[in-house]
Amino acid sequence: MVTKLKIDFVSDISCPWCVIGLKSLEQALGRLDGVASAELHFQPFELNPNMVAEGQDIGEHLTEKYGATPEQGAQTREMIRSRGADLGFRFDMDARSRIYNTFDAHRLLHWAELQGRQRELKMALFETYFTKGESPGDHAVLARVAGEVGLDAAQAAEVLASGAYAGEVRERERFYQQQGISSVPAIIINDQHLISGGQPPELFEQALRQIAAESMSQEQ
């Protein structure tokens, strides 16, 4: 008997560890075939909610926010690149030169969930930013990417231009902040189990097997 798990993946488009966490989680779920299946929902979190529309140089931003030296930044970028490569995702650190506002991307992801294409858009936006270096705050880029994953690009452009789903995204952001989520990725399973950070697939697999077993025993 397959146990169904509800997973809320709280994350931001501009968060490289969120890519690593998602790829690791999906690998773990692939190993649970026949044991557990997941209903995955992507929930919004903004690392930089006050970021200006044109964005900010990434080196300047990381120095201001974290006090990171250029050497520390280079070490972190190499770690991220290597972890991504191990999971089948290509981070092009030379392509990504700026940090952008991601609120409109979260609005579009909310709409994409209603269309049954949220996961596809989420991964495409990660690739658009981290592999190609394009802005996830640019409406033309967002609408184009929506079209590339099978959504209606013209309708996506209308959603972006209208400000639709802003209230819903703000409400979800507040909800998770009130739950104590202050960093991402935060992976919440069945509304009660929290796994934080870009953990390796083995850790996700172990945790999911345990949660699935507990859920099974509670149902019996």
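Residue numbers run from 1 in the order of the sequence given.
- Contacts of Ser183 classified as side-chain contact (heavy atoms from CB on, under 4.5 Å), with partners at least two apart in sequence or in another chain: none.
- Between the side chains of Glu71 and Gln75, no donor-acceptor pair of N or O atoms lies under 3.5 Å.
- For Phe130, the ring pair (Phe, Tyr, Trp, His ring centres under 6.0 Å) criterion is met by Phe91, not counting sequence neighbours.
- When side chains are defined from C-beta on, Thr76 does not count as touching Pro16, because their heavy atoms never get closer than 4.5 Å.
- Residues meeting the side-chain hydrogen bond (donor to acceptor under 3.5 Å, both in side chains) test with Gln178, sequence neighbours left out: none.
- Surrounding CD of Gln206 are at most 12 heavy atoms belonging to other residues, nucleotides or ligands under 6.0 Å away.
- Looking at Asp8 and His41, their side chains come closer than 4.5 Å, going by heavy atoms from C-beta outward.
- Annotation: side chain of Glu134 is not in contact with side chain of Tyr129 (no heavy-atom distance under 4.5 Å).
- Residues meeting the salt bridge (charged side-chain N to carboxylate O under 4.0 Å, His left out) test with Arg31, sequence neighbours left out: Glu202, Glu205.
- Taking Ser24 as the reference, nothing meets the side-chain hydrogen bond (donor to acceptor under 3.5 Å, both in side chains) condition, with sequence neighbours excluded.
- The two residues His106 and Asp12 come nearest to each other via the heavy atoms NE2-OD1, 3.0 Å.
- Take Phe126 and apply the ring pair (Phe, Tyr, Trp, His ring centres under 6.0 Å) test, not counting sequence neighbours, and it matches no residue.
- Leu87 and Lys23 get closest at one heavy-atom pair: O-CE, 3.3 Å.
- Between Leu25 and Phe204, the shortest heavy-atom contact is N-CD1, 3.8 Å.
- Side chains of Arg209 and Val35 form a contact here, defined as non-hydrogen atoms less than 4.5 Å apart.
- Residues passing the side-chain hydrogen bond (donor to acceptor under 3.5 Å, both in side chains) test with Asp191 are Lys6, sequence neighbours excluded.
- When the side-chain contact (heavy atoms from CB on, under 4.5 Å) test is applied to Glu127, the partners found at least two apart in sequence or on another chain are Phe89, Met123, Thr131.
- Between Lys122 and Arg117, the closest side-chain pair of non-hydrogen atoms is not below 4.5 Å.
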Inset, instruction - Given salt bridge (charged side-chain N to carboxylate O under 4.0 Å, His left out), test Glu46 with Arg170 step by step and report yes or no. - result: CA-CA 10 Å; Glu46 290 179 83; Arg170 293 289 187 217; 3.0 Å; yes
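- No donor-acceptor pair closer than 3.5 Å links the side chain of Arg90 to the backbone N or O of Arg81.
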Legend entry - Chi angles and distances behind the side chain to side chain contact (heavy atoms under 4.5 Å, CB included) call for Arg83, Trp17: CA-CA 9 Å; Arg83 286 284 303 279; Trp17 294 106; 3.7 Å; yes
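- A search for side-chain hydrogen bond (donor to acceptor under 3.5 Å, both in side chains) contacts involving His193 returns nothing, not counting sequence neighbours.
- Listed by chain and number, the hydrophobic cluster partners of Val184 are Val10, Phe45, Leu47, Phe175, Tyr176, Ile181, Ile188, Leu194, where partners are ILVMFWY side chains within reach of under 4.5 Å, directly or through others.
- In terms of the side-chain contact (heavy atoms from CB on, under 4.5 Å) criterion, residue partners of Arg172 (sequence neighbours excluded) are, by chain and number, Gln43, Pro44, His110, Glu113.
- Of all the heavy atoms in Ile13 and Pro136, the pair that sits closest is CG2-CB, 3.7 Å.
- Between the side chains of Ser215 and Lys4, not a single donor N or O lies within less than 3.5 Å of an accepting N or O.
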In residues 147-166, what donor-acceptor pairs under 3.5 Å come from side-chain atoms, sequence neighbours left out?
| unit_1 | atom_1 | unit_2 | atom_2 | d |
| --- | --- | --- | --- | --- |
| Glu148 | OE2 | Arg144 | NE | 3.1 |
| Asp152 | OD1 | Ala154 | N | 3.0 |
| Asp152 | OD1 | Gln155 | N | 3.0 |
| Ser162 | OG | Glu158 | O | 3.1 |
| Ser162 | OG | Val159 | O | 3.0 |
| Ser162 | OG | Ala164 | N | 3.1 |

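- In this structure, Ala112 and Leu121 approach most closely via the heavy-atom pair CB-CD2, 3.6 Å.
- Taken from CG in Asp86 to CD in Gln27, the straight-line distance is 9.0 Å, to the nearest 0.5 Å.
- Across every non-hydrogen atom of Leu40 and Gln118, the tightest pair is O-OE1, 4.5 Å.
- Remark: the backbone N or O of Ala140 is paired with a side-chain donor or acceptor of Asp138 at under 3.5 angstrom.
- Atom OG in Ser135 sits 7.5 Å away from atom CG in Leu142 (nearest 0.5 Å).
- Asn48 contributes no side-chain N or O that, together with a main-chain N or O of Met51, makes up a donor-acceptor pair within less than 3.5 Å.
- Under the 4.5 Å side-chain criterion, counting only non-hydrogen atoms from C-beta, Trp111 is not in contact with Arg107.
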